[in-house]
There are 2 protein chains.
Amino acid sequence: MKPVTLKQIAETLDISITTVSKALKDYPDVSKKTKKLVKELAETLNYKPNVFAVNLRTKESKTIGLIIPEVVHHFFSNVIKGIIAQAEKKGYLVIILQSNESYELEKKQIDLLFSKRVDGILISLANGTGDFKHLNDLMAQDTPLVMFDKIAKIVNCSKVIINDRKAAYTATKHLIDSGCKRIAHFRGPLLPQNSIDRFLGYKQALTDNGFAYDPSLVYICDCSDQSFDEGKNSAKQLLEDHDDVDGIFINTDLVAIGALTEFQKQGISVPEDIAIVGFSNWFMSSVISPTLSTIDQPGFKMGKTAFKLLYKEIKSRKENLPIKFKTVELETKLIERESTRRFHQKV
Amino acid sequence: MKPVTLKQIAETLDISITTVSKALKDYPDVSKKTKKLVKELAETLNYKPNVFAVNLRTKESKTIGLIIPEVVHHFFSNVIKGIIAQAEKKGYLVIILQSNESYELEKKQIDLLFSKRVDGILISLANGTGDFKHLNDLMAQDTPLVMFDKIAKIVNCSKVIINDRKAAYTATKHLIDSGCKRIAHFRGPLLPQNSIDRFLGYKQALTDNGFAYDPSLVYICDCSDQSFDEGKNSAKQLLEDHDDVDGIFINTDLVAIGALTEFQKQGISVPEDIAIVGFSNWFMSSVISPTLSTIDQPGFKMGKTAFKLLYKEIKSRKENLPIKFKTVELETKLIERESTRRFHQKV
DNA sequence: CGATTTTACGAAAACGTTTTCGATTATGTG
DNA sequence: CACATAATCGAAAACGTTTTCGTAAAATCG
């Protein structure tokens with residue numbers, strides 16, 4: 001009933017534990033004969049090394065931690081999938097924790113993962129996180145850390161991101177190229193760098209192309225569970241406030257779809273009256289009517305590369321090589337769909 | 001730089017390791033005085049017990065494994081969230097693996113988790129899984145296992161499910177009560193028990209209410225990534241095959257929304273021409289137009305209770321209590337929305 | 001055949017806890 | 001004061017592995 005150990009194999013074969021261990025790991029100083037004997041017995045006894053002992057000896061667990069603001073999220077769940085897939089390839093397991101966008105929770109979870117002695121941590125920051133002591137402490141204690149998507153530029157570690165600003169610029173430029181003359185923006189919450197960057201990209205696209213930036217055209221959506229409703233509400237508000245807006249760049253597909261729904265309800269036609277570009281390329285955006293132009297945000301790939309960076313760092317540390325932090329910026333691309341398909345007047 | 005150990009505390013305080021360990025765990029046979037001393041020093045040194053050693057000693061890792069067919073899935077991601085939330089409450093961490101609906105992968109992952117010596121495993125079966133040796137082996141080797149949602153009735157372990165058959169019956173009955181005279185069914189793949197049960201519930205609702213069961217009204221959707229498109233295609237096919245269908249019970253909300261989209265495109269109005277009931281209560285179904293009637297499937301709660309059952313089993317095993325397997329059936333409820341709001345003619 | 005190198009093996013320490021059980025000291029009782 | 005009891009403590013084993021280093025036997029060589 002009890003799990004087989006090296007000791008048992010050693011005793012039944014009447015050799016030492018050392019030799020058994022070495023045989024199983026193909027050390028050169030054990031004969032082919034005994035290797036074969038040991039391996040066969042191990043096989044028939046279904047021997048599995050006790051990871052607890054291995055961890056203790058080797059000081060590593062082949063496990064990494066992942067802290068994510070929200071699991072139920074189309075983008076993040078794709079990231080998770082990418083991370084798990086890549087980790088599995090390298091023999092790593094991943095423990096997932098959810099910060100619920102709370103700084104306090106995030107701090108606790110970092111602590112928890114550290115005390116669990118994971119080999120490294122992958123994190124996408126909570127919106128509330130403005131202090132980074134917990135992250136710097138972690139790294140000071142020799143735990144590799146890489147941040148993705150929602151990052152802190154100040155923290156010195158590897159990162160994988162998209163260029164939110166550039167992507168937003170492209171999205172807004174696309175509205176301009178589509179002939180929009182007055183372009184609004186539904187932005188995300190004030191805190192995370194991403195919504196700031198997207199906002200800045202929007203703004204710069206405007207000014208670069210001779211448009212005046214008008215703060216009254218920027219609406220804030222607190223992208224929570226109610227994203228969809230916030231889209232609807234902001235759309236409603238926009239219609240009350242302005243009658244000349246003919247294009248909107250929206251922080252997120254779900255909010256955009258909310259807005260779209262509201263417009264359709266009020267008889268505003270998209271894209272003829274108002275063109276819309278979303279963000280994320282959520283699968284639903286290719287599915288609704290009109291299909292939604294958007295920025296493709298490669299979640300799965302982000303997960304994969306985030307793990308790859310972490311893996312490199314773990315390896316470097318083991319081999320005592322110098323570790324150099326890297327920031328990789330993943331390509332986004334504009335997906336043109338019906339919601340911006342108007343009379344094109346490219347400049 | 002190196003982590004603090006009991007030994008270091010013991011040496012600086014000039015007492016034994018034993019006493020330090022006991023002091024930290026509030027054993028009765030150590031004086032308040034030394035307890036205070038030890039605890040204070042541990043605090044200032046930021047002592048964290050080495051989990052690897054603890055695991056080895058106690059033979060448990062306070063970690064459970066979770067195998068799920070697909071992470072990027074509205075229902076499953078809610079289950080994941082529920083599991084993580086409940087596990088965290090009890091001090092457990094969860095390792096997530098994805099089977100991609102593959103039996104082979106599932107088997108490997110069970111093996112992997114077993115060799116990682118997780119304290120227990122939560123699983124929702126892959127569609128392809130028809131053989132259960134890997135699960136029975138696992139349990140024979142003393143690893144607690146509980147299955148949820150996609151289960152195997154044959155395997156003797158705790159389970160948490162919904163009554164798919166009953167829910168489907170309710171959904172279909174609702175169509176009948178809404179005045180539908182000829183009701184189709186878009187079912188899921190042939191294998192998993194869930195789609196079989198939903199199909200059976202549909203069938204029984206028909207026959208119980210004096211409707212003839214017509215196999216030609218049952219369409220199969222292989223609920224993969226392309227669920228939405230399958231919904232569209234099945235809808236298209238249905239319109240070609242039959243012109244008298246006025247109600248459909250659909251295996252999944254996403255497929256239902258696909259069908260809905262196709263109907264709208266072809267000028268079939270929902271619910272007037274065809275009423276639709278979906279399954280899952282995906283948030284999108286309350287958001288599209290017309291809003292979709294559906295069966296609410298409590299993913300988050302399912303995750304929580306699945307962990308609770310597993311936790312109980314882990315505890316029982318530790319205390320050598322007899323373990324009794326339990327199957328808990330979670331309530332589903334019909335959500336009536338616009339897609340079935342016709343001339344009600346309740347019997 | 002003696003010297004040297006290879007080959008094959010094992011003893012033992014170490015990783016950091018937890019827990020049993022025995023020993024020592026302090027306290028209480030008559 | 002002698003003795004029993006209670007209060008504190010620590011030695012040591014155990015969990016199962018990995019790895020260093022030493023040694024004995026076998027093979028090689030001149």
Side-chain angles (χ1 to χ4, degrees), chain A residues 1-39 41-42 45-63 114-117 119 141-142 318-320, chain B residues 1-39 41-42 45-63 91 114-117 119 141-142 318-319:
Chain A
M1 207 63 191
K2 284 207 166 186
V4 190
T5 67
L6 290 184
K7 195 178 172 190
Q8 291 172 42
I9 298 184
E11 279 170 0
T12 63
L13 248 42
D14 204 32
I15 55 180
S16 77
I17 295 178
T18 310
T19 306
V20 177
S21 174
K22 285 179 180 172
L24 289 174
K25 317 191 85 195
D26 266 327
Y27 271 54
D29 67 340
V30 37
S31 67
K32 292 109 210 118
K33 211 178 304 173
T34 45
K35 266 184 193 171
K36 191 164 168 261
L37 244 49
V38 169
K39 283 180 179 172
L41 185 57
L45 291 182
N46 192 27
Y47 167 77
K48 300 266 170 67
N50 183 323
V51 270
F52 298 158
V54 175
N55 291 347
L56 178 60
R57 228 350 263 244
T58 62
K59 296 180 186 314
E60 56 173 17
S61 58
K62 294 281 186 184
T63 299
F114 175 73
S115 72
K116 278 278 176 176
R117 280 178 163 74
D119 295 348
Q141 284 172 296
D142 238 31
K318 267 209 304 207
E319 296 164 6
N320 268 323
Chain B
M1 207 64 192
K2 284 206 165 185
V4 191
T5 67
L6 290 183
K7 196 178 172 189
Q8 290 171 43
I9 297 183
E11 279 170 359
T12 63
L13 248 41
D14 203 33
I15 54 179
S16 77
I17 295 178
T18 309
T19 307
V20 177
S21 174
K22 284 180 182 171
L24 289 173
K25 317 192 83 194
D26 267 328
Y27 270 55
D29 66 342
V30 36
S31 66
K32 290 108 209 121
K33 213 176 301 174
T34 45
K35 265 184 194 171
K36 191 162 167 262
L37 244 51
V38 170
K39 282 180 181 173
L41 185 57
L45 291 182
N46 192 26
Y47 167 78
K48 299 266 171 66
N50 182 324
V51 271
F52 298 158
V54 175
N55 290 347
L56 178 59
R57 226 352 263 242
T58 62
K59 298 180 186 313
E60 57 173 15
S61 58
K62 293 280 184 184
T63 300
F114 176 71
S115 72
K116 278 278 176 176
R117 281 178 161 74
D119 295 348
Q141 283 171 298
D142 238 30
K318 268 210 303 208
E319 298 165 5

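The sequence lines fix the lettering, A, B, ..., with proteins before strands; numbering per chain opens at 1. It should be emphasised that the depicted structure is a prediction, and the values quoted were computed from it without experimental measurement.
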Reported [atom1]-to-[atom2] distance for the pair [X] and [Y], which is rounded to 0.5 angstrom:
{"X": "B/Leu24", "Y": "B/Leu41", "atom1": "CG", "atom2": "CG", "value": "9.5 Å"}
{"X": "A/Thr19", "Y": "A/Asp14", "atom1": "OG1", "atom2": "CG", "value": "11.0 Å"}
{"X": "A/Leu45", "Y": "A/Ile9", "atom1": "CG", "atom2": "CD1", "value": "6.0 Å"}

(request) Determine, step by step, whether B/Asn46 and B/Val4 satisfy the side chain to side chain contact (heavy atoms under 4.5 Å, CB included) criterion, reporting the C-alpha distance in whole Å, the side-chain angles of both residues, the deciding distance to 0.1 Å, and the verdict. (result) CA-CA 8 Å; B/Asn46 192 26; B/Val4 191; 5.9 Å; no
(message) Please find the pair of heavy atoms, one from A/Asp119 and one from A/Lys62, that lie closest to each other, and give the distance.
(response) OD2-N, 2.7 Å
(message) So which atom in A/Pro3 and which in A/Gln8 form the shortest heavy-atom distance, rounded to 0.1 Å?
(response) O-NE2, 3.6 Å
(request) Determine, for B/Lys2 against A/Asp142, whether the closest basic-nitrogen to carboxylate-oxygen distance falls under 4.0 angstrom. (result) no
(request) Begin from the C-alpha positions of A/Leu56 and B/Asn50 and carry the test side chain to side chain contact (heavy atoms under 4.5 Å, CB included) through to its verdict. (result) CA-CA 8 Å; A/Leu56 178 60; B/Asn50 182 324; 4.2 Å; yes
(message) Going by the rule salt bridge (Lys or Arg N to Asp or Glu O under 4.0 Å), which residues pair with B/Lys59 if we only count those two or more places apart in sequence or in a different chain?
(response) none
(request) Give me the residues of residues 4-20 of chain B where at least one heavy atom lies under 4.0 Å from an atom of DNA chain D, by number, or none. (result) B/Ile15, B/Ser16, B/Thr18, B/Thr19
(message) Please identify which of these residues, A/Lys36, A/Lys32, A/Lys39, meets the salt bridge (Lys or Arg N to Asp or Glu O under 4.0 Å) condition with A/Asp26.
(response) A/Lys39
(request) Within residues 47-61 of chain A, find the residues that approach DNA chain C with a heavy atom at under 4.0 Å, and present them sorted by residue number. (result) A/Leu56, A/Arg57, A/Lys59
(message) At a heavy-atom distance below 4.0 Å, what parts of residues 26-33 of chain B sit against DNA chain C?
(response) B/Tyr27
(request) Would you check if the side chain of B/Thr18 reaches a backbone N or O of B/Ser16 as a donor-acceptor pair within less than 3.5 Å? (result) no
(message) Can a donor-acceptor pair be found, under 3.5 Å and without considering hydrogens, that links the side chain of A/Ser21 to the backbone of A/Ile17?
(response) no
(request) Evaluate the criterion side chain to side chain contact (heavy atoms under 4.5 Å, CB included) for residue pair B/Asn55 and B/Glu60; output intermediate values, then yes/no. (result) CA-CA 5 Å; B/Asn55 290 347; B/Glu60 57 173 15; over 6 Å; no
(request) Using the heavy-atom set of chain B and a strict 4.0 Å cut-off, write down the first and last nucleotide of DNA chain D that makes it in, 5' to 3'. (result) D/dT8 to D/dG16
(message) Just to verify, which of B/Ile15, B/Val30, B/Thr5 counts as forming a side-chain contact (heavy atoms from CB on, under 4.5 Å) with B/Val20?
(response) B/Ile15
(message) Rounding to 10°, can you tell me the angle the first-five-pair axis of the helix from C/dC1-D/dG30 to C/dG30-D/dC1 makes with its last-five-pair axis?
(response) 50°
(request) Give the intermediate values and the outcome of side chain to side chain contact (heavy atoms under 4.5 Å, CB included) for residues A/Lys48 and B/Ser115. (result) CA-CA 6 Å; A/Lys48 300 266 170 67; B/Ser115 72; 3.8 Å; yes
